A.B. asks: 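Can you read through this structure? Questions will come right after.
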Amino acid sequence: MKTLKDAKIGETVTVVKLHGEGAVKRRIMDMGITKRASIYVRKVAPLGDPIEITVRNYELSLRKADAEMIEVE
């Protein structure tokens, strides 16, 4: 299982499944990260947190803990 946290800079991945429960999962979905959404990894901070991505033509920063909940291919 590959998560968004494992994706490399410059890689485009597709969301397979969202893990997590309740409010956390809802917050991720509200940001536009849903099943089959395409995500481009723009930058990763020096210590790995946060991760800057582009999803649905807008830029987002995600915590590493949230990125681990997003299964991609």
Side-chain angles (χ1 to χ4, degrees):
M1 178 181 90
K2 181 178 177 183
T3 64
L4 184 58
K5 181 186 147 207
D6 303 325
K8 306 288 183 240
I9 297 171
E11 190 176 358
T12 301
V13 294
T14 304
V15 177
V16 176
K17 185 176 181 182
L18 294 175
H19 299 279
E21 294 294 322
V24 176
K25 185 174 182 179
R26 168 58 49 201
R27 186 170 55 83
I28 291 171
M29 291 175 70
D30 288 344
M31 287 188 264
I33 302 171
T34 56
K35 196 172 181 180
R36 292 189 292 281
S38 181
I39 298 176
Y40 173 72
V41 181
R42 296 176 46 88
K43 297 180 200 170
V44 177
L47 297 176
D49 202 11
I51 299 168
E52 189 174 307
I53 61 172
T54 300
V55 60
R56 301 184 192 271
N57 293 325
Y58 66 93
E59 295 173 11
L60 259 178
S61 289
L62 279 180
R63 292 180 296 192
K64 198 171 14 176
D66 292 341
E68 286 178 356
M69 294 182 198
I70 303 167
E71 185 178 333
V72 297
E73 63 180 7

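Start at 1 with the first residue, then count along the sequence. Any value given below was found using the heavy atoms of this structure, including those in side chains, with hydrogens, waters and symmetry copies removed. In this text, all values refer to a predicted model and were calculated from it rather than measured experimentally.
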A.B. asks: Would you give the length of the straight line joining atom CD1 of I39 to atom CG of L60, rounded to the nearest 0.5 angstrom?
C.D. replies: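 Separation between the atoms: 8.5 Å.
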A.B. asks: Please examine the side chains of E71 and H19, heavy atoms only from C-beta on, and report whether any two atoms are closer than 4.5 Å.
C.D. replies: yes
A.B. asks: Sorted by first residue and then second, give each side chain to side chain donor-acceptor pair (under 3.5 Å) pair with at least one member in residues 47-57; sequence neighbours left out.
C.D. replies: T34-R56, R42-E52
A.B. asks: Only counting residues at least two apart or in another chain, list the ones meeting side-chain contact (heavy atoms from CB on, under 4.5 Å) with K35.
C.D. replies: none
A.B. asks: Please tabulate, for the side chains in residues 3-16, all donor-acceptor contacts under 3.5 angstrom to protein atoms that are two or more places apart in sequence or on a different chain.
C.D. replies:
| from | atom 1 | to | atom 2 | distance (Å) |
| --- | --- | --- | --- | --- |
| T3 | OG1 | D6 | OD2 | 3.2 |
| K5 | NZ | E68 | OE2 | 3.2 |
| D6 | OD2 | T3 | N | 3.2 |
| E11 | OE1 | K8 | N | 2.8 |
| E11 | OE2 | K2 | NZ | 2.6 |

A.B. asks: What is the distance from atom CD1 of I70 to atom CD1 of I53, rounded to the nearest 0.5 Å?
C.D. replies: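 It is 6.0 Å, given to the nearest 0.5 Å.
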A.B. asks: Can you see which heavy atom on P50 is nearest to which on S61, and at what distance?
C.D. replies: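 Answer, listing the atom of P50 first, then S61: CB-CB, 4.4 Å.
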A.B. asks: Is there a side-chain contact between I33 and D66, using heavy atoms and a 4.5 Å cut-off?
C.D. replies: no
A.B. asks: More than 12 heavy atoms of other residues, nucleotides or ligands under 6.0 Å from CZ of R26: yes or no?
C.D. replies: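 No, not enclosed.
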A.B. asks: If you group Ile, Leu, Val, Met, Phe, Trp and Tyr by side-chain heavy-atom gaps below 4.5 Å, do V55 and V44 land in one group?
C.D. replies: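 Yes, one cluster joins them.
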